[in-house]
Amino acid sequence: MATSQERITVYNVADLKNTTDDALPNYLNSLGFEQSHHLTDVRLALGFSAFALAAACFGWDYHFGFEATKHLTGVAVAIYTLLNGALTLWIARAERGTVYVGRSRATGETLRIATRVEKNVPEYRVRVEVTRKDGGREELEFARAFSEWFDAAGHFVAAPFQVVLAGSVPLIGRADPKRAAMAAAAGKGAAGGGGDAAAAAYTPEMLDALAKANVSVVGSAAEEATGSEAAAGKKGGKRRKA
């Protein structure tokens, strides 16, 4: 999987987070997870209900006038306030930054992932909750730098991000043992300083992405070197004529 065609500003932490969040469902669903949209459905229901109530209030006020509908409008305002309060509580208490909820078809375990960032800190902070079939729950948290899966030009590179997830979350690692093994090999290479082990953790797609990220830098360096040699040659030619 090569780099994404979309390019974002690497200094915008919100864009980095949103782009990464959007990549989560595609990867996890491809591993056999069945995504649940319950949290999003409830939020949309509350939001659209408040909007429909406001639109209805405008409609009857426009047709019948304020005096004829003022009591009904007062009730509508109270209900609208309750709906927005419920929406705020739902986002803060129920969702809690959740970007993905899914169930593994293979094991029946439920995976819930919430993400967040801190202002001006380019780190992706992840909180994972795994609920087993027997009702037991496991929680883990980790933080990784966005630079691990975004190149210098602002392109999202999926492969290293998937390796991070598979190596950090055991349930995902069991669903994608290939990338979990890559993460383990990279970890051993980093711990022991072994370049061979670390290199083995990169797939051809990842190496291709890294090469594309560096091609502009290499090209610029080559052009500068060629220009310097040409200038030196011209100067040398003049001296030989003298």
Side-chain angles (χ1 to χ4, degrees), residues 1-31 33 35-51 54 83-102 110-130 139-169 171-173 176 179 183 186 205-206 208-210 212-217:
M1 189 176 294
T3 56
S4 168
Q5 297 299 319
E6 183 182 0
R7 180 177 175 179
I8 66 171
T9 303
V10 295
Y11 303 106
N12 191 321
V13 177
D15 282 351
L16 294 172
K17 178 186 182 302
N18 292 335
T19 302
T20 305
D21 288 345
D22 291 341
L24 271 168
N26 293 333
Y27 172 53
L28 296 176
N29 293 343
S30 71
L31 298 179
F33 287 90
Q35 186 175 5
S36 170
H37 299 281
H38 172 68
L39 293 175
T40 303
D41 290 342
V42 172
R43 186 205 299 186
L44 289 175
L46 291 171
F48 279 116
S49 296
F51 172 79
L83 286 173
N84 274 276
L87 178 60
T88 301
L89 287 175
W90 181 262
I91 294 174
R93 299 292 182 86
E95 292 188 3
R96 293 176 293 146
T98 299
V99 296
Y100 185 87
V101 177
T110 300
L111 176 70
R112 176 170 176 160
I113 299 178
T115 64
R116 65 183 180 89
V117 292
E118 295 183 359
K119 187 176 181 180
N120 300 326
V121 179
E123 280 189 344
Y124 194 57
R125 299 179 180 274
V126 184
R127 185 180 73 253
V128 181
E129 296 179 5
V130 177
E139 297 184 7
L140 63 93
E141 295 186 15
F142 63 92
R144 302 294 286 266
F146 285 109
S147 58
E148 293 189 41
W149 52 84
F150 279 95
D151 63 21
H155 296 108
F156 176 81
V157 187
F161 174 63
Q162 294 169 359
V163 170
V164 167
L165 286 177
S168 302
V169 184
L171 178 58
I172 299 176
D176 192 356
R179 284 182 170 77
E205 292 85 355
M206 295 165 68
D208 178 62
L210 293 173
K212 288 181 179 179
N214 293 328
V215 68
S216 60
V217 178

Legend entry - Contact summary for Ala166 and Asp176, nearest pair of heavy atoms: CB-O, 4.1 Å
Legend entry - Over all atoms of both residues, closest heavy-atom pair of Ala183 and Gly167: CB-CA, 3.5 Å
Inset, instruction - Evaluate the criterion side-chain contact (heavy atoms from CB on, under 4.5 Å) for residue pair Val163 and Trp149; output intermediate values, then yes/no. - result: CA-CA 10 Å; Val163 170; Trp149 52 84; over 6 Å; no
Legend entry - CZ on Arg96 to CZ on Arg116, rounded to 0.5 Å: 13.0 Å
Inset, instruction - Check each of Thr98, Asn18, Val99 against Thr115 using the side chain to side chain contact (heavy atoms under 4.5 Å, CB included) test, and report the only one that passes. - result: Val99
Inset, instruction - Report yes if some heavy atom in the side chain of Asn29 is under 4.5 Å from a heavy atom in the side chain of Tyr100; otherwise report no. - result: yes
Inset, instruction - Taking all non-hydrogen atoms of both residues into account, name the closest pair between Ser168 and Val164 and its distance. - result: OG-O, 2.8 Å
Inset, instruction - Calculate, to the nearest 0.5 Å, the distance between atoms OH and CG belonging to Tyr11 and Asn120 respectively. - result: 13.5 Å
Legend entry - Shortest non-hydrogen contact between Leu39 and Val101, atoms and distance: CD1-CG2, 3.9 Å
Legend entry - CG on Asp15 to CZ on Arg7, rounded to 0.5 Å: 13.0 Å
Legend entry - Approximate separation, where rounding is to 0.5 Å, of Phe146 CZ and Thr19 OG1: 9.0 Å
Inset, instruction - With rounding to the nearest 0.5 Å, note down the distance linking CZ in Phe161 to OG1 in Thr20. - result: 5.5 Å
Legend entry - Contact list for residues 39-51, test salt bridge (charged side-chain N to carboxylate O under 4.0 Å, His left out), sequence neighbours left out: Arg43-Glu95
Inset, instruction - Using a 4.5 Å cut-off on heavy atoms from C-beta on, say whether the side chain of Tyr124 contacts that of Glu148. - result: no
Inset, instruction - Show your reasoning for whether side-chain contact (heavy atoms from CB on, under 4.5 Å) applies to Leu28 and Ile113. - result: CA-CA 11 Å; Leu28 296 176; Ile113 299 178; 3.8 Å; yes
Legend entry - Pair Phe142-Val128, side-chain contact (heavy atoms from CB on, under 4.5 Å): steps then yes or no: CA-CA 9 Å; Phe142 63 92; Val128 181; 4.2 Å; yes
Inset, instruction - Determine, stepwise, if the pair Val130 / Leu140 fulfils side-chain contact (heavy atoms from CB on, under 4.5 Å). - result: CA-CA 9 Å; Val130 177; Leu140 63 93; 5.8 Å; no
Legend entry - Gap separating the CD1 atom of Ile172 from the OH atom of Tyr27, nearest 0.5 angstrom: 6.5 Å
